[in-house]
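Structure record follows, encoded as structure tokens.
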2 protein chains.
Amino acid sequence: MKSLEKAQPVRTLAKAPLLRGLSAEALEEVAAKATEKKVRAGGTLFREGEPASALYLMLEGRVKLTQVAADGHEVILRFVGPGDAVAALALFGDAAYPVTAGAVSDSVLMAWHRDVLQELFQHHPPLAVNAMRLLSERLREVQERFRELATERVAQRIARALLRLVRQVGRRVEGGVLIDLTLSRQDLAELTGTTLYTVSRVLSEWEGQGILESGRAKVVVKRPHALVAIAEDLAPGTEGRVEGRG
Amino acid sequence: MKSLEKAQPVRTLAKAPLLRGLSAEALEEVAAKATEKKVRAGGTLFREGEPASALYLMLEGRVKLTQVAADGHEVILRFVGPGDAVAALALFGDAAYPVTAGAVSDSVLMAWHRDVLQELFQHHPPLAVNAMRLLSERLREVQERFRELATERVAQRIARALLRLVRQVGRRVEGGVLIDLTLSRQDLAELTGTTLYTVSRVLSEWEGQGILESGRAKVVVKRPHALVAIAEDLAPGTEGRVEGRG
DNA sequence: CCCCGTCTTTGCGCCAGCGCAAACAAGACG
DNA sequence: CGTCTTGTTTGCGCTGGCGCAAAGACGGGG
């Protein structure tokens, strides 16, 4: 359908939420002040706790933002792709990155150093406004997930995570929507605050019900509405329903 | 110790993170454009989902920010007090408040309407910078709590919640530090993603160990370091320790 | 084309935490 | 000063989800 999915960087740039509303000249100036950064799959863009030196904008690839607990337990905060900004929060107040950014696939990013950015923000107000918008969007989303984690059970959270991924990186394929990134059971567990075993069991169950198909680090959602029903804790009709929460 | 805790609004204003760095004149102008708003204990400042019309700065009292799940399950995101801004995120991008703000005690706030605020932001750059700083601080904190909720067990999370509250609203009293707000078991449960029963059991245990004293909606922490040890999952010495996570 | 590393599945036992129910405590209020 | 409301404690039984262990399955690299 969309044949321009992998268009020129410039094209992507104008569409990036961070840069939206900038005039062509402004865009050019802003772009001129950026450095290009490449990270191979498996590589790390920056680590949690490092001094926050730059703001990034993704052009290609996929990056995973994680936090790790003292005991090594890892949590995935989000995946970012082309057009998304990374470390938008790091440029104000916080001296250190609060997350680790690791490339899931070979990635190309634009980088603006802290100082350069301050200057750009002054000259181009829309930039600051966009950054705030992004921050607030992020905050809203994390709060929502926090609430989910606090109040919902595992199956619901996994359903929601899958639905978000479908929206974010879903690609229509025959028979359903493919979540277009390498997504292991472990990844899903770290997204939803559970274990890979539980994720595996839940997905097996859903596969048996024809809700999705999954393989090695791959998920194709066949009946999104069924996931919605699970996420919202509605009685799924044919299956055993749960009354209340107890 | 600090006899000016309940000083004049003006004094508080200059200290508010949101207004820091503003010149005296700027401060005056900003203050002049604000409306005063009062909410009685138990009243509601705004509700989740309502169109976000204003940014608030607390002068007196205490407000609780909550989200509620579809099934009525409630989650407390944070408590805010004098000097704190409320709904800092609502003014950009988001049309609706993502949380409900309810007064825990009689509260007085300054309010700036959306439109006024846009204008103020333009005229007073530090204001925008401060707002971003606040947003990023908030984001960082929620992310941290998200990770905790995903990886830590209940006792750890309760310990952390208490430590945060001690830092935020702790008041030295004889024999320990009083958490200076009405804090029921239910509240603690909603802060940490558990149930009031479990909170009660955990607090009873800790009371037995002399770590704290608690009464009706009241907690006095006697040995904060013990809570730290629990939060960090260190062996508490005399008590049974847990190896790993299993 | 086969081997090896990685990912996945599933049986099994276990326990942290849940949530009802019921008794109890402490302020609030007339 | 007694009653009422609201919060707290605790026994009890239950189960969702954990995590080990071991057996598949997939697929990339040599």
Side-chain angles (χ1 to χ4, degrees), chain A residues 41-42 69 71-74 104-105 148-159 161 179 181-209 212-220 230 233 240-246, chain B residues 41-42 69 71-74 104-105 148-159 161 179 181-209 212-220 230 233 240-246:
Chain A
D71 64 353
H73 239 89
E74 207 167 311
V104 171
S105 61
E148 290 168 11
L149 195 48
T151 63
E152 298 179 353
R153 29 199 62 204
V154 167
Q156 285 179 273
R157 296 184 335 241
I158 297 176
I179 291 175
L181 55 75
T182 305
L183 188 74
S184 68
R185 303 291 179 271
Q186 178 70 35
D187 288 331
L188 265 174
E190 290 175 1
L191 268 175
T192 54
T194 178
T195 65
L196 84 138
Y197 306 109
T198 299
V199 169
S200 178
R201 283 184 259 263
V202 170
L203 291 198
S204 290
E205 168 83 14
W206 290 346
E207 190 147 14
Q209 295 172 20
L212 51 75
E213 261 168 38
S214 71
R216 192 187 178 83
K218 185 192 72 145
V219 177
V220 177
I230 292 164
D233 198 11
R241 78 218 43 141
V242 183
E243 317 237 324
R245 313 195 87 248
Chain B
D71 64 354
H73 239 89
E74 206 168 312
V104 172
S105 61
E148 290 168 11
L149 195 48
T151 64
E152 298 179 351
R153 29 199 61 205
V154 167
Q156 285 179 274
R157 300 190 324 249
I158 298 176
I179 291 175
L181 54 76
T182 306
L183 187 75
S184 68
R185 303 290 179 270
Q186 179 69 34
D187 289 331
L188 265 174
E190 290 175 1
L191 268 174
T192 55
T194 179
T195 65
L196 85 136
Y197 307 109
T198 299
V199 170
S200 177
R201 284 185 259 261
V202 169
L203 291 199
S204 291
E205 168 83 14
W206 290 345
E207 189 146 14
Q209 295 172 19
L212 51 76
E213 261 168 39
S214 71
R216 192 187 178 83
K218 185 192 73 145
V219 177
V220 176
I230 292 164
D233 198 12
R241 77 219 43 142
V242 183
E243 317 235 324
R245 312 193 88 247

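Chain identifiers are assigned alphabetically (A, B, ...) following the order of the sequence lines, protein sequences preceding nucleic acid strands; residue numbering begins at 1 within each chain.
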Does the side chain of A:Arg216 reach to within under 4.5 Å of the side chain of A:Ser184, using non-hydrogen atoms?
no
Between CD of B:Glu213 and P of C:dA26 the distance, given in whole Å, is 13 Å
Distance-only donor-acceptor pairs under 3.5 Å for side chains of residues 194-202 of chain B, two or more places apart:
residue, atom, partner, partner atom, Å
B:Thr195, OG1, B:Thr198, N, 3.3
B:Thr195, OG1, B:Thr198, OG1, 3.2

Using atom CZ of B:Arg153 as one end and atom C1' of C:dC14 as the other, report the distance to the nearest whole Å.
12 Å
Side-chain donor/acceptor of A:Arg201 to base of D:dG16, under 3.5 Å
no
Does any part of the side chain of B:Asp233, heavy atoms only, come nearer than 4.5 Å to the side chain of B:Gln156, both counted from C-beta?
yes
Between C:dC18 (C1') and B:Ile158 (CD1): distance, integer Å:
13 Å
Which parts of nucleotides 23-30 of chain D does protein reach within less than 4.0 Å, heavy atoms only, written one letter per nucleotide 5' to 3' as B for base, S for sugar-phosphate only and - for none?
--BBS---
Counting side-chain heavy atoms from CB outward, which of D:dG19, D:dT8, C:dT9 is closest to A:Thr195?
D:dG19
Taking only the side-chain nitrogens and oxygens of B:Ser204, find out if one of them lies under 4.0 Å from OP1 or OP2 of D:dT10.
yes
To the nearest angstrom, the OH-C1' distance between B:Tyr197 and C:dC20 comes to 6 Å
Which is more 5' along DNA chain D, the nucleotide nearest A:Gly193 or the one nearest B:Ser184? Just name the residue.
B:Ser184
Using whole Å, report how far CD of B:Gln186 lies from C1' of D:dT6.
12 Å
Test item: B:Glu190 side-chain N/O and B:Asp187 main-chain N/O as donor-acceptor pair under 3.5 Å:
no
Considering non-hydrogen atoms only, spot the tightest contact between A:Gly193 and B:Ala150 and give its length.
CA-CB, 3.9 Å
Can you tell me which nucleotide in C:dT8, C:dA16, D:dG7 comes closest to the side chain of A:Arg185?
C:dT8
Do the side chains of A:Glu213 and A:Glu207 get nearer than 4.5 Å, heavy atoms only?
yes
Passing option when A:Arg157 is tested against A:Thr192, A:Leu188, A:Leu191, A:Ile230 for side-chain contact (heavy atoms from CB on, under 4.5 Å)
A:Thr192
Give a yes/no on whether any side-chain N or O of A:Ser200 is located under 4.0 angstrom from OP1 or OP2 of C:dT8.
no
D:dG19 phosphate, OP1 or OP2, under 4.0 Å from A:Thr198 side-chain N/O:
no
A:Glu190 CD to D:dG19 P, in whole Å, measures 13 Å
Rounded to the nearest angstrom, tell me the gap between atom CG in A:Leu203 and atom P in C:dT10.
11 Å
Spacing of B:Glu205 atom CD relative to D:dG11 atom P, expressed in whole Å
12 Å
